[in-house]
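Okay, so here's the structure we're looking at.
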2 protein chains.
Amino acid sequence: MNVELKDLAPLLLKKERAGGNIDPAVIADVLHFSKEKNARRKEMAAIIEKHPVLSDRNMLFRNHSERYNFGLKKAYSFIQLLRDLNVTDKDDQQYLYMSLGEPLAIDVHRSMFIPTLENQADEEQQKKWLPLARNFKITGAYAQTELGHGSNVQGLETTATYDKKTQEFIINSPTLTSRKWWPGGLGKTATHAIVHARLFLDGKNVGIQAFLVQLRSLENHQPLAGIEVGDIGPKVGFNAVDNGYCAFHNVRIPRDQMMMRYAKVLPDGTYIQPKSDKLVYLTMVQVRAYLLVRMSQMLGMAATITTRFSAARVQGRTPDGKGEFQVLDYQNQQNGVFPNIAVSYAINFAGRNMINLHDAALDIIKSGKGSFGDQLAELHAVSSGLKAWIAEHVSNGIESLRRMCGGHGFSNSSNMGHLHAEIVGACTFEGTLDVLVQQHSRYLVKVLLAPQAGNASTGFLSRAKFYADPSLRCKAQKPEDFLNFTLLREAFEARATRIVIRLAKELQATKNDLNKCMVLMTRASIAHAELMLLTAFIEGVDSIPAGPTREAVAVLCGLFGLWLINKTLGDFREDNYISSEQAEFVRRQLVALLPIVRKNAVLLTDAWDYSDFELNSAIGRYDGDMYRALVKRAADEPLNKSQVPESYEAYLKPLIQSGL
Amino acid sequence: MNVELKDLAPLLLKKERAGGNIDPAVIADVLHFSKEKNARRKEMAAIIEKHPVLSDRNMLFRNHSERYNFGLKKAYSFIQLLRDLNVTDKDDQQYLYMSLGEPLAIDVHRSMFIPTLENQADEEQQKKWLPLARNFKITGAYAQTELGHGSNVQGLETTATYDKKTQEFIINSPTLTSRKWWPGGLGKTATHAIVHARLFLDGKNVGIQAFLVQLRSLENHQPLAGIEVGDIGPKVGFNAVDNGYCAFHNVRIPRDQMMMRYAKVLPDGTYIQPKSDKLVYLTMVQVRAYLLVRMSQMLGMAATITTRFSAARVQGRTPDGKGEFQVLDYQNQQNGVFPNIAVSYAINFAGRNMINLHDAALDIIKSGKGSFGDQLAELHAVSSGLKAWIAEHVSNGIESLRRMCGGHGFSNSSNMGHLHAEIVGACTFEGTLDVLVQQHSRYLVKVLLAPQAGNASTGFLSRAKFYADPSLRCKAQKPEDFLNFTLLREAFEARATRIVIRLAKELQATKNDLNKCMVLMTRASIAHAELMLLTAFIEGVDSIPAGPTREAVAVLCGLFGLWLINKTLGDFREDNYISSEQAEFVRRQLVALLPIVRKNAVLLTDAWDYSDFELNSAIGRYDGDMYRALVKRAADEPLNKSQVPESYEAYLKPLIQSGL
């Protein structure tokens, strides 16, 4: 080969694109919800790319303090930008914000503080506080989690004691572990916080309520009397955010700073119970649905980077000795990368379903027509299970894609470590796996015992008797039969049904001792989540116009199903639903699909339609020109500003010139 | 409960220890090789803990430049310490170095540069260079990897052209991608480097050789003429190290700076072929063996932290409403944590085996008695497979243990992110998974086709006919039967044999097209690695004195086996070797073991015997006093030095006081 590697890399990527037969733009418009929305998204990203401050991508040269301070500069510029361009559309704002490439200290102000005011403040409170918050005259945190308690809200220790005489609440942190811990923006930025505390009225504990508490002076930003506040230090991700702690030492706030839309405390201390609030659940579902889509995008970015790298990189001599393999030629690389492309699509389709179901439920609520209790319960349960599965698989998928880039994946120039660090928190926030799979699987047992009409994602449980029959067998006669979506889906329904039945029996046998059934509950949740993902993917295939593009996505969908079966083969082999011979069909068909997916692999990730700026990866460039990009990026490293490092005189020179 | 959480946490950990019935010290002496060695290790760690500079643990407050510069300060102090205390024993030096908690810029100087001089320089070269290197009058890098080529040494592009007239080699980087890329210490620290380059003699390429090249002036540390050198920027881990790049522009070095112990170039340009060098392979095995042990220790540290945290943390009300569950009460938590404790033990035992086998082989070589070709080939192959499996499982295990600590695991105060970042590189360096599993599985096929006597870890392949019989069935009649080590081991031997046979057939069918068999090769490597780990664990159990302690470790070993079977149940179910009913036995027995392991879980991780200083984790403290430790650690965060952040005036104040 006389072509230099640096020139070969772009050629190889071109060759991959020329060898495919699909139109990535068609898929891009599906993945990003519509042609118009995708165009708008790219327009907004291009604005950020041109901005002198907001285009900054040097975050990983900085420590936590530096990232926080530069992050404030970005936040300021971002708000200026919204004003200067008069961007009022929420989608546009979100597109701009996501293009920043890292969450900032104003993240929670936007995503939690303002929405809480919108949803939980009464009309009068909204009139007073919302304009201030929306104009950033106050900045807010959402202070629920405490040092001693995370997701168990009922265990919170912060107290709010009503003082009838002065008509004030006294907010107090009675113990060390009651200090608020973790809220984003709380450490150094927020002037106010929504504080969750246990409300005491006449000495009686009436449960957890939300209060608006001012933390810092609006004049000079100093903490107010009785407020002890600071940053909790560096973390695995979110280092531009000042996740903080706060202790309250008998801080008094006026009565009208309890969020009063639902529960109320009257001036004389009378407590008015909140009506059941289905909207709160629905908000939780909405947050999760958008998080699912966000996670699909993050995995899509990582899959794009690794696929392009694998195509442009050569390694290892071909048997004829004439050239080198592209890394993407290797069966193991295909076997590692392609399922992750498939997972990114499956999650996107499942997330979109969830958003649609949420929107439909909201319409029903707003119209006041029809009951929707069942649907809401289902939405809440299945979004729990999906979130648990997806957070794990997106995080693990990005990390595994990173490792598949070898040494270059380990360097931050690849951006793979950053993508992982900024999404892996999703395994923890908005509910950890253990809590979520319980919510999900208990609901599945409930539906099994009392099937409900009209609930799309659990409808298969009405055929439980059919699937429970231990003589039922998968009908595949040859490996290719596993590409039949009906056959595939039936296998996943059979598997999920059987585990849910087993769980129902186990719950009965243990008299509902949930903790003795938790491992089984996890299996049930996973089995159903995977069924939902497969179903969403199959429906997603149908949403693409017929032709080679749809066919290629259908192959990816088949790969997804086979990959899932192979991953948990033991489940499918139960009662020999899938025989030992069929298991081997699954393995063979999975490997047989790899070269077929390979044909369009680069285009299937081009379909994610992320610009080089958005990917921010020297090795994931659209044009494959990675080696020049790596050299250029290394030149930016601050250590390279001088030939001799600053600590040479103190620590190297004495050694080298005098020795040990 | 009237006890505050902060006081409850230590009590809970005490309760766990009181409830156990084993002696962790007995296990500690096994895990750390002997009572004497463990005592020495702790002594050395205590020296570091007391040192004003070397005890520093603020690395995660720093960016890459700061970590590098502070790292040089540590390196200087470390070398001073060795001199002041006259520490010459290599084990002692290593104990001290490992206690630093992060690799430094002198890492490769110690682990690769000096050993290369010791192993590949001839006597004269050693006499000249070794004293300089050992006394740090020169500092070295090991420059093999290039921008365009990693593990494929044969593809390196750097050239070394011999100039007969001047008796010099001309080292050159002919392309952009030939620049050295990644070597630790190369960026800003090294004065010299071992450079791998393609040697040209009279225009003829005679292959890759190693050369000693001076990079920087010993007077002022400026790069020498023709040397372009710098740091490649921040990475996922090793940020105190200046991984670097270097391009050579026709740099001349004297003839006697080629490493001449094996290959030689005479003054007239005559090339003398090296004799076959088995020691090079053996060195590779040695490096791997110690890496395995190191990885077991890192997982042991993470398992200790998560187990202690899970015991000391409460979450979620018990059904009687009277108290809260310890996180360690949850079946899912046990199911996630305990297998990782087991894996840490299994790896430690397997690593120790490898060290012993290496030492025995070295003795044979040194004595010059006996042939050891077969053993060496086996050692090299199986250490490849073990390294691949272990690097993946240790990295994934630490990350999963981190997630099991909820929000507190996400904070760097837990040290979990740091432990992961500093070991996950092992998935990449010293061979990526794909390369390693090929070396391993090809060897297995070779042994299958021509069984060799005396090779312990592949001996089972001589019973291939027995295991290949598709009518062979696992003999378990009830769940507990899976705790029988003979039965367990047989299941793993049957599984490994069958996959290796399948691979042999597939290789034949594809006419040895390795790339078409790679997924299967990976399965074969994993199956054998898991058999070796189980075997090592079973032998490890025997090395513990009889009594409750040995029994507890035996239970952990059973858990390990069951966990492995359950993880890849499809393999074991092939040809119904394990029946559908037995598969359910496996699941039930696995869950049944959890409360039994729980009884001693804290003590089984205390057995790793790491001090609070070594663990460096606020939530993993021996005394369980984690909440005070978290508060104390947050106070150290540099952002908390002032109440108002430095960028307030510029970016927050204008917003808050004027609004959007």
Side-chain angles (χ1 to χ4, degrees), chain A residues 4-6 60 62-63 65 69 72-73 76 83 135-137 148 150 152 175-177 182 188 221 230-236 315-316 331-332 335 403 406-407 410-412 417 427-428 434 515 518-519 569-570 573-575 580 591 627 634 637-640 644-645 647-648 651 655 659-660, chain B residues 4-6 60 62-63 65 69 72-73 76 83 135-137 148 150 152 175-177 182 188 221 230-236 315-316 331-332 335 403 406-407 410-412 417 427-428 434 515 518-519 569-570 573-575 580 591 627 634 637-640 644-645 647-648 651 655 659-660:
Chain A
E4 283 193 24
L5 289 180
K6 70 174 191 287
L60 297 193
R62 304 187 182 111
N63 63 33
S65 302
N69 281 302
L72 274 192
K73 184 174 179 179
Y76 179 74
R83 192 189 56 193
N135 290 314
F136 292 91
K137 294 202 152 194
N152 177 17
T175 60
L176 180 99
T177 48
W182 267 114
K188 311 304 286 186
H221 213 57
D231 185 282
I232 63 165
K235 299 137 294 185
V236 170
Q315 180 96 332
Q331 195 184 54
N332 257 0
N335 193 50
R403 292 184 200 163
F410 197 70
S411 158
N412 285 339
C427 296
T428 305
D434 293 336
N515 195 25
M518 230 178 185
V519 169
L569 201 46
R573 294 254 10 242
E574 250 186 75
D575 290 330
S580 190
V591 167
Y627 294 116
E637 161 57 40
L639 276 176
N640 293 332
V644 175
S647 44
Y648 164 74
Y651 307 117
L655 275 180
L660 178 57
Chain B
E4 285 193 21
L5 289 179
K6 69 174 190 290
L60 297 192
R62 304 187 183 111
N63 62 33
S65 303
N69 281 302
L72 274 192
K73 184 175 178 179
Y76 178 73
R83 192 189 55 191
N135 290 314
F136 293 92
K137 292 200 153 197
N152 178 16
T175 61
L176 180 97
T177 48
W182 267 113
K188 311 304 285 186
H221 212 59
D231 184 281
I232 64 165
K235 300 137 293 186
V236 170
Q315 180 97 333
Q331 195 184 54
N332 258 0
N335 193 51
R403 292 183 200 163
F410 196 70
S411 159
N412 286 339
C427 295
T428 306
D434 292 337
N515 195 25
M518 229 179 187
V519 169
L569 202 46
R573 295 253 11 241
E574 249 185 75
D575 290 330
S580 190
V591 166
Y627 295 116
E637 160 58 40
L639 277 175
N640 294 333
V644 175
S647 46
Y648 165 74
Y651 306 118
L655 275 180
L660 177 59

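Because only heavy atoms are used, hydrogens play no part in the values below, and waters and symmetry mates are left out as well, while side chains stay in. Reminder, nothing fancy here: chain letters follow the sequence lines and each chain counts from 1. What you see is a predicted model; the values in this text were computed from it and never measured.
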Between [atom1] on residue [X] and [atom2] on residue [Y], distance to nearest 0.5 Å:
X	Y	atom1	atom2	answer
B/Tyr651	A/Leu72	OH	CG	9.0 Å
A/Leu176	B/Tyr627	CG	OH	10.0 Å
A/Ile232	B/Leu639	CD1	CG	11.5 Å

Please determine, among [options], the option with the most heavy-atom pairs under 4.5 Å with chain A.
options	answer
B/Thr175, B/Leu569, B/Asn515, B/Asp434	B/Asn515
B/Pro234, B/Ala634, B/Gly417, B/Ser411	B/Pro234
B/Gly233, B/Gly570, B/Gly148	B/Gly148

Self-check item: Heavy-atom donor-acceptor pair, B/Asp231 side chain to A/Asn640 backbone, under 3.5 Å
Solution: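 Such a contact is absent between B/Asp231 side chain and A/Asn640 backbone.
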For [X], is it the side chain, the backbone, both, or neither that has a heavy atom closer than 4.5 Å to a heavy atom of chain B?
X	answer
A/Thr428	side chain
A/Gln331	both
A/Val519	both
A/Thr177	side chain
A/Arg573	both
A/Asn335	side chain

Quiz prompt | Largest heavy-atom contact set with chain B, pairs under 4.5 Å, which of A/Val644, A/Val591, A/Leu60 | solution =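 Max contact count across the listed options: A/Val644.
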Quiz item: Would you call the rings of B/His221 and A/Tyr648 parallel, tilted or perpendicular, where under 30° means parallel and over 60° means perpendicular?
Solution: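 The rings of B/His221 and A/Tyr648 lie parallel, inter-plane angle below 30°.
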Quiz prompt | Closest approach of A/Ser580 to B/Asp575 (non-hydrogen atoms, all atoms of both residues) | solution =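 Heavy atoms only, the tightest pair is OG-N, 2.6 Å.
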Quiz item: Do you know which two heavy atoms are closest between A/Glu637 and B/Ser65, and how far apart they sit?
Solution: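 Residues A/Glu637 and B/Ser65, closest heavy atoms: OE2-OG, 3.5 Å.
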